[in-house]
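Please read these numbers as outputs of a predicted model, since none were measured by experiment. By convention here, the first residue in the shown sequence is residue 1.
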Amino acid sequence: MAMKSSFLLILFIVPAVLADLRVGFYKPTCPDAESIIFQAVQKRFNTDKSVTAALLRMHFHDCFVRGCDASILIDSTTQNQAEKDAGPNQTVREYELIDEIKKALEAKCPSKVSCADIITVATRDAVVLAGGPNYTVPTGRRDGLVSRAGDVNLPGPQVDVSQAFQIFRAKGLTLEEMVILLGAHTVGVAHCSFFSERLQNDPSMDPKLAANLRNVCANPNTDPTVLLDQGTGFVVDNEFYKQLLLKRGIMRIDQELAIDSSTSGFVSRFARDGNGFKQSFGNAMVKMGSVGVLVGNDGEVRKNCRVFNPKNKPTVPSPPKKGKVSPPSKKAKNKKQKKPKSNGKKKKNTRAL
């Protein structure tokens with residue numbers, strides 16, 4: 001019975017949190033917030049279309065550690081190694097874009113829009129600009145107060161489907177949603193070091209693709225990147241799944257999706273149905289964006305996404321100072337007191353006889 005209750009709790013975590021987030025959260029306090037975010041993302045996209053992959057990676061890596069609380073944005077200090085400096089996050093980028101957006105929002109609406117919502121909305125905007133679905137994002141997230149590198153435990157490129165699903169399931173996501181979210185690799189890139197072991201006689205990889213990648217990754221002194229979708233690498237579409245069916249998945253976990261019997265059906269379906277994938281992708285992104293969020297009075301709204309707000313120490317009134325009696329001045333000492341003037345009449349002796 002206890003196990004059943006625990007399982008049901010996992011299933012209902014996400015819908016309960018969604019009730020605390022809402023569409024148009026900033027309409028009363030910062031009505032231009034989403035417009036400001038979109039303009040900054042669009043400007044960045046126009047110069048570098050890989051920003052979509054970068055923001056998707058940032059969003060995923062943030063939500064899968066302590067929840068979607070922008071803890072990945074915190075800079076390390078001499079007292080604390082933050083999440084962004086953990087091994088799996090070394091290749092996360094576009095922190096400067098988040099800084100730029102936050103600066104613009106603070107100028108317009110000080111201390112209103114959280115860094116967690118900036119990541120979530122900016123990622124949606126980048127997906128739209130890359131041809132993906134325009135899904136509606138509920139907002140109202142708060143920023144976390146903890147960021148530790150030791151908390152980072154993300155699935156690596158060498159895991160199999162079963163191992164990867166353990167991590168997704170712990171976040172309240174289904175096996176199908178895992179396949180959908182890994183479809184974000186349709187605009188992803190990977191360093192050669194993430195898949196180099198597959199380039200030597202791996203029967204699950206197309207031999208022509210393996211030969212081409214060996215040339216790209218030949219220099220041992222560099223670690224180049226390659227597109228995970230060898231078809232339309234800068235467009236959010238279902239081409240990624242089509243590539244998997246042709247044994248052209250780059251990372252092991254990607255190709256495993258098409259091989260493992262528990263996930264191969266999803267891959268085939270999304271390879272056939274591009275519109276179905278886009279709709280499912282939008283829904284899965286909304287659900288992932290609600291994992292472990294802080295709402296209400298929890299957390300804070302950072303003024304600078306890289307540092308926690310200074311803690312406000314309670315003001316303790318200091319005890320009143322005892323007044324010091326100043327010694328009289330010499331002038332006051334020497335000054336004779338005036339005697340009251342006599343009216344010239346002698347007082348009668350009224351003492352009783």
Side-chain angles (χ1 to χ4, degrees), residues 7 10-15 18 52-53 56-57 59-61 63-64 123-124 126-128 130-136 154-190 194-195 198 202-206 209 227-291:
F7 180 69
I10 290 174
L11 285 179
F12 288 102
I13 282 175
V14 172
L18 275 173
T52 305
L56 280 164
R57 183 175 176 82
H59 191 28
F60 173 81
H61 282 224
C63 293
F64 267 61
T123 300
R124 186 274 311 276
V127 166
V128 172
N134 188 1
Y135 53 94
T136 302
L154 296 165
Q158 310 305 326
V159 299
D160 59 26
V161 169
S162 176
Q163 292 168 327
F165 182 48
Q166 288 180 19
I167 297 174
F168 278 79
R169 181 169 54 188
K171 302 302 178 184
L173 297 163
T174 68
L175 185 63
E176 180 179 7
E177 287 166 339
M178 180 186 81
V179 177
I180 294 166
L181 290 170
L182 287 176
H185 288 174
T186 186
V187 290
V189 298
F194 282 78
F195 58 84
R198 297 195 64 218
D202 186 334
S204 66
M205 179 177 277
D206 172 36
L209 174 62
L227 294 172
L228 294 178
D229 179 348
Q230 294 286 300
T232 56
F234 293 107
V235 180
V236 176
D237 58 14
N238 66 334
E239 181 65 24
F240 170 74
Y241 300 105
K242 296 178 182 179
Q243 294 288 311
L244 297 185
L245 295 179
L246 298 173
K247 295 186 176 182
R248 294 178 64 82
I250 305 297
M251 294 197 297
R252 181 177 299 281
I253 181 56
D254 292 345
Q255 193 58 53
E256 286 283 330
L257 296 177
I259 297 172
D260 193 288
S261 60
S262 67
T263 53
S264 59
F266 298 129
V267 172
S268 298
R269 174 155 61 87
F270 292 131
R272 294 191 306 267
D273 185 3
N275 289 331
F277 162 67
K278 287 186 178 183
Q279 182 177 353
S280 298
F281 185 75
N283 293 337
M285 287 295 292
V286 170
K287 187 173 178 180
M288 186 190 79
S290 69
V291 169

State which residues pass side-chain hydrogen bond (donor to acceptor under 3.5 Å, both in side chains) with [X]; sequence neighbours excluded, sorted by chain then number.
X    : value
E176 : R269
Q255 : none
N134 : none
R252 : none

Qualifying residues under side-chain contact (heavy atoms from CB on, under 4.5 Å), relative to [X], sequence neighbours excluded:
X    : value
N283 : Q279
L246 : R248
A126 : V41, T52, L55
L227 : V189, Q230, F234

Backbone N or O of [Y] within a donor-acceptor pair of the [X] side chain at under 3.5 Å?
X    : Y    : result
R57  : G188 : no
S290 : K287 : yes
T263 : I259 : no
K247 : L209 : no
N238 : A271 : yes
Q163 : D160 : yes

**OP:** Among residues two or more places apart or on two chains, list those pairs meeting salt bridge (Lys or Arg N to Asp or Glu O under 4.0 Å) that have a residue in residues 235-246.
**Re:** none

Distance (rounded to the nearest 0.5 Å) between [X] [atom1] and [Y] [atom2]:
X    : Y    : atom1 : atom2 : answer
L228 : I250 : CG    : CD1   : 6.5 Å
Q158 : I253 : CD    : CD1   : 10.0 Å
F266 : L257 : CZ    : CG    : 10.5 Å
M285 : T136 : CE    : OG1   : 13.5 Å

If every non-hydrogen atom of [X] is compared with every non-hydrogen atom of [Y], which pair is closest and at what distance?
X    : Y    : result
G249 : L244 : CA-CD2, 3.6 Å
V291 : C63  : CG1-O, 3.8 Å
P157 : M251 : CB-SD, 3.6 Å
S264 : A258 : CB-O, 3.5 Å
A190 : F195 : O-CE2, 3.8 Å

Subject >> Heavy-atom side-chain contact between H59 and M288 under 4.5 Å >> reply: yes

Original post:
Does a side-chain heavy-atom distance below 4.5 Å link V267 with L245?
Top reply: yes

Original post:
Picking from L175, L181, I180, what satisfies side-chain contact (heavy atoms from CB on, under 4.5 Å) with M178?
Top reply: L175

Subject >> Sequence-distant partners of F64, ring-ring contact (aromatic ring centres under 6.0 Å, His included), two or more places apart >> reply: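 Scan of F64 (ring-ring contact (aromatic ring centres under 6.0 Å, His included), adjacent residues dropped) gives F60, F168.
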
Subject >> Derivation and outcome, side chain to side chain contact (heavy atoms under 4.5 Å, CB included), residues V179 and Y241 >> reply: CA-CA 10 Å; V179 177; Y241 300 105; 4.0 Å; yes

**OP:** Measure the acute angle between the ring planes of F277 and F270, then classify it against the limits of 30° and 60° as parallel, tilted or perpendicular.
**Re:** perpendicular

Original post:
Cut-off 3.5 Å, side chains only: do S262 and D260 have a donor facing an acceptor?
Top reply: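 A donor-acceptor contact under 3.5 Å links the two side chains.
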
